[in-house]
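Quantities reported herein were computed from a predicted structural model and do not represent experimental measurements. Order of the sequence lines fixes the chain letters, A, B, ..., with proteins taken first and strands second; residue numbering starts at 1 for each chain.
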Protein chains: 4
Amino acid sequence: MYICTVRIKDETKRLAIVENTLDIVFEKGFAGIKMAGLAKDVGISPSTLYVYYKSKEELIISVFKELIKNKTVQSEKDIDKDLPYKLKLKTLWLYWINVSINQSKEMSYIHQIKQSPYYDLVPDDVKDIGYSVGFELFDLGKKEGLIKNVDNEILATIMSALLMQTVTLITNKKMTLNKKNSDLMFSFLWDAMKG
Amino acid sequence: MYICTVRIKDETKRLAIVENTLDIVFEKGFAGIKMAGLAKDVGISPSTLYVYYKSKEELIISVFKELIKNKTVQSEKDIDKDLPYKLKLKTLWLYWINVSINQSKEMSYIHQIKQSPYYDLVPDDVKDIGYSVGFELFDLGKKEGLIKNVDNEILATIMSALLMQTVTLITNKKMTLNKKNSDLMFSFLWDAMKG
Amino acid sequence: MYICTVRIKDETKRLAIVENTLDIVFEKGFAGIKMAGLAKDVGISPSTLYVYYKSKEELIISVFKELIKNKTVQSEKDIDKDLPYKLKLKTLWLYWINVSINQSKEMSYIHQIKQSPYYDLVPDDVKDIGYSVGFELFDLGKKEGLIKNVDNEILATIMSALLMQTVTLITNKKMTLNKKNSDLMFSFLWDAMKG
Amino acid sequence: MYICTVRIKDETKRLAIVENTLDIVFEKGFAGIKMAGLAKDVGISPSTLYVYYKSKEELIISVFKELIKNKTVQSEKDIDKDLPYKLKLKTLWLYWINVSINQSKEMSYIHQIKQSPYYDLVPDDVKDIGYSVGFELFDLGKKEGLIKNVDNEILATIMSALLMQTVTLITNKKMTLNKKNSDLMFSFLWDAMKG
DNA sequence: CATGAATGAGCCTTCATTCAT
DNA sequence: TATGAATGAAGGCTCATTCAT
């Protein structure tokens with residue numbers, strides 16, 4: 001026996017899937033993604049999910065790709081070329097702090113996938129995107145003798161580490177996000193990096 | 001009246017279970033723990049696992065408790081009181097680097113459980129152990145005006161962040177563990193912290 | 001815009017599940033229900049069972065609810081208002097005898113669940129259905145001074161006890177179901193109850 | 001590695017096993033018997049259970065045999081030959097009421113095993129014991145024309161049915177056990193049986 | 001006789017994915 | 001494209017029973 005339903009094709013559906021996936025991963029981690037549950041959250045049938053993504057694996061990786069793509073695009077527009085170097089770095093720092101706080105779900109997703117077996121399945125060209133802005137800034141700082149002459153990878157690591165921990169302190173309510181604390185945390189970064 | 005002998009639960013076996021659990025989590029994460037697979041690795045029957053731990057959950061948490069217990073015991077013996085302050089801090093730094101590298105599986109387990117839903121099930125008294133040595137050293141440094149006068153929580157966070165990233169660099173073969181690199185990475189920490 | 005057809009959960013299948021559950025409980029009791037075995041009997045996959053009932057517990061209770069619902073519906077249509085009182089009671093008696101014999105699996109199920117731990121999980125509003133017809137008849141008999149003036153609960157208990165034992169005698173082939181025996185067994189009931 | 005314990009052989013152990021089995025079956029039914037749990041309740045090792053009974057099945061049936069044996073022995077001593085017939089029957093009735101109330105666990109066990117698959121495994125000579133006293137009394141009553149001239153099996157069934165339901169009413173607190181109620185319930189029996 | 005550890009067989013349940021429309 | 005039903009493969013766990021002493 002069969003009944004009929006009418007459905008209008010909806011291109012925002014994919015966006016809804018991404019959004020709900022982020023919510024789930026943020027709250028319960030990757031193990032919390034259940035295809036049927038996700039479909040229900042989105043308001044579609046499990047099989048419809050497979051119209052958009054051919055497997056759970058593909059879903060997880062596609063969502064990651066989408067995040068990376070958006071993140072990179074955004075970060076390119078935000079640097080002001082006329083500031084003194086220290087302020088340039090601070091601008092980048094503040095930008096990342098804000099991104100991390102305001103887009104905590106997205107950041108959490110990226111952070112979690114990097115430690116999961118799924119990350120092995122991410123194509124290399126997607127993996128290596130994201131630090132270009134930082135790298136240029138590091139090169140500049142080193143050329144001008146303002147920061148330690150160390151491999152960019154290491155500098156990026158230092159910056160990322162301090163960034164993440166700052167965000168953690170804020171997220172865990174052990175610190176509030178205000179100018180004083182931003183300055184304090186940035187002072188750690190600057191003192192660590194300056195040559 | 002009777003005299004009888006009784007077999008005693010095998011401590012070796014429990015250790016083997018812990019060891020294999022660490023291996024699995026290190027390689028595949030918590031989702032990779034399959035009771036049957038673990039049992040096979042250890043060389044026992046799946047049901048025997050349940051003689052030692054009454055559920056997967058309990059296994060995961062018990063292993064964590066054991067790691068914490070051992071870690072704390074070890075870290076208490078390693079501080080030398082007569083060194084100048086910077087060297088004291090460096091000793092702690094090197095100690096942690098070594099622990100992190102040599103016991104990378106254990107550290108990975110601790111790191112992973114802290115971000116998993118299982119951590120909610122860990123008793124609070126087990127959660128709060130681990131930074132006592134660092135905190136004393138921070139207090140000393142602040143009293144002598146050698147490091148920034150900032151909350152211990154923050155200092156510990158900074159140290160921990162740099163530590164973890166250093167270990168990551170080494171583990172990912174982007175850096176080798178030698179004196180030069182140790183000194184370099186410590187210089188980031190020291191410059192960041194010093195007052 | 002799309003038109004699509006959707007398969008509907010198969011009522012036949014649900015009935016087949018109920019039927020087979022009754023068979024199993026009748027033959028082997030509640031402990032005899034094995035989800036995989038039941039699925040095989042019905043001709044579906046074990047997991048399909050979980051499309052219809054979300055757990056073994058729910059299956060058992062749902063089947064009970066269904067039996068109670070049907071039983072109540074049926075028993076409401078069978079009373080003839082113009083008979084003399086004794087014959088009214090006998091009609092009810094015979095109706096119940098027939099139900100009990102012809103629907104022995106259903107009765108057995110009801111009887112068994114009431115003595116099992118599952119009964120604690122049955123909602124109260126389902127528990128209390130079933131004696132309404134009898135109670136009205138008892139009230140009538142007491143008003144007319146034809147039967148003992150005793151609590152309905154007790155009268156129902158007496159009737160139910162004799163009924164069940166009669167059925168047991170028949171089921172165990174120690175008695176055949178014929179007019180003479182029906183009359184005999186009803187005479188026990190009537191003599192016991194009459195005022 | 002082994003340790004030693006000293007144990008004194010204890011013939012009351014078997015009794016303790018029986019007692020605990022009764023408790024379990026009374027509270028949770030036959031499905032509630034778990035060999036390990038029972039052993040723990042008794043204070044012995046699971047394997048020791050197998051010294052006394054070679055399987056769960058044997059345990060269940062042996063306990064039943066023991067109950068039947070004791071019950072029969074007791075019921076033989078309680079009949080007073082000089083009472084008028086109705087009082088003799090009432091004595092038997094009251095005796096059984098008391099047994100049923102005071103030894104509710106034992107009665108429950110007998111009742112439950114009779115409806116379980118285990119009953120098929122009980123030897124026939126054990127099954128048929130228990131009504132001898134009643135049967136003699138029924139024969140007497142029939143000979144004197146005081147009760148209906150009906151097969152003993154049926155009379156016993158009637159009596160047993162009313163008995164069990166009376167006990168149920170009392171156990172479920174819908175009736176209290178006092179002289180008035182005893183008399184009332186016996187009146188049902190007597191009216192039903194008398195010729 | 002007594003024991004605690006050990007186990008295999010089996011159970012309930014979940015879930016990513018496919019089927020049939 | 002869209003769907004709800006259906007499912008196979010697997011996983012966690014239980015428990016009567018045996019092992020080894």
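- To the nearest angstrom, P of E:dA9 lies 18 Å from OH of B:Y50.
- Of the two residues contacting DNA chain E, namely C:G37 and A:E57, the nearest-nucleotide position lying further toward the 5' end is that of C:G37.
- Remark: C1' of E:dA16 and CD of A:E58 are 14 Å apart, rounded to the nearest angstrom.
- Here F:dA5 presents its C1' atom at 13 Å from CZ of C:R14, a figure rounded to the nearest Å.
- With distances taken from any side-chain atom of C:K34 to the nucleotides F:dA2, E:dC11, F:dC15, the minimum falls on E:dC11.
- Closest approach to the C:K13 side chain among F:dA6, E:dA2, E:dG4 is made by F:dA6 (side chain taken as heavy atoms from C-beta onward).
- The separation between B:L49 atom CG and F:dG11 atom P is 14 Å, rounded to whole Å.
- Distances from the side chain of C:T48 to the nucleotides F:dC13, F:dA6, E:dT13 place F:dA6 closest.
- Counting only heavy atoms from C-beta outward, the side chains of D:R14 and D:Y53 approach each other to under 4.5 Å.
- Closest to the side chain of D:V51, from the set F:dG12, E:dC12, E:dC1, is E:dC1.
- Side-chain atoms of D:S108 never come within 3.5 Å of backbone atoms of D:S104 as a donor-acceptor pair (strictly under, hydrogens ignored).
- Closest approach to the C:S47 side chain among E:dC15, E:dT18, F:dG12 is made by E:dC15 (side chain taken as heavy atoms from C-beta onward).
- Here the options are D:T48, D:L15, D:I17, the test is side-chain contact (heavy atoms from CB on, under 4.5 Å), and the partner is D:V42; only D:I17 passes.
- The distance between atom OH of A:Y53 and atom P of F:dA2, rounded to the nearest whole Å, is 13 Å.
- With C:E57 contributing its side chain and C:Y118 its backbone, the two residues share no donor-acceptor pair below 3.5 Å.
- In this structure a side-chain-to-backbone donor-acceptor pair under 3.5 Å is missing from D:K105 to D:T21.
- For C:Y52, no side-chain nitrogen or oxygen approaches OP1 or OP2 of F:dA5 to under 4.0 Å.
- In DNA chain E, consecutive stretches of 3 or more Watson-Crick or G-U wobble pairs with both distances under 3.5 Å are given as paired ranges: E:2-21 with F:2-21.
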Q. Step by step, would you call C:Q112 with C:F26 a side-chain contact (heavy atoms from CB on, under 4.5 Å)?
A. CA-CA 9 Å; C:Q112 286 191 54; C:F26 186 69; 5.8 Å; no
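- Using a 4.0 Å heavy-atom cutoff across all strands shown, A:I33 reaches sugar-phosphate atoms only and no base atom.
- The distance from atom CG of B:L38 to atom C1' of F:dG11 is 13 Å, rounded to the nearest whole Å.
- Taking the side chain of A:P46 as heavy atoms from C-beta on, and the options F:dT3, E:dT17, F:dG12, the nearest nucleotide is E:dT17.
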(Q) For B:F30 and B:Y109: C-alpha separation, side-chain torsions, deciding distance, then whether side-chain contact (heavy atoms from CB on, under 4.5 Å) applies. (A) CA-CA 9 Å; B:F30 278 92; B:Y109 191 96; 3.8 Å; yes
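- Between C:S45 and F:dG8 there is a side-chain N or O to OP1 or OP2 distance below 4.0 Å.
- Under the 6.0 Å distance and 45° angle rule, B:K127 counts as a cation-pi partner of B:Y119.
- When distances are taken from the side chain of D:M35 to each of E:dT7, F:dG12, F:dT17, the shortest belongs to F:dT17.
- In this structure, NZ of A:K56 is placed 11 Å from C1' of E:dT14, rounded to the nearest angstrom.
- In this structure, A:F30 places its CZ atom 18 Å from C1' of E:dC15, rounding to the nearest Å.
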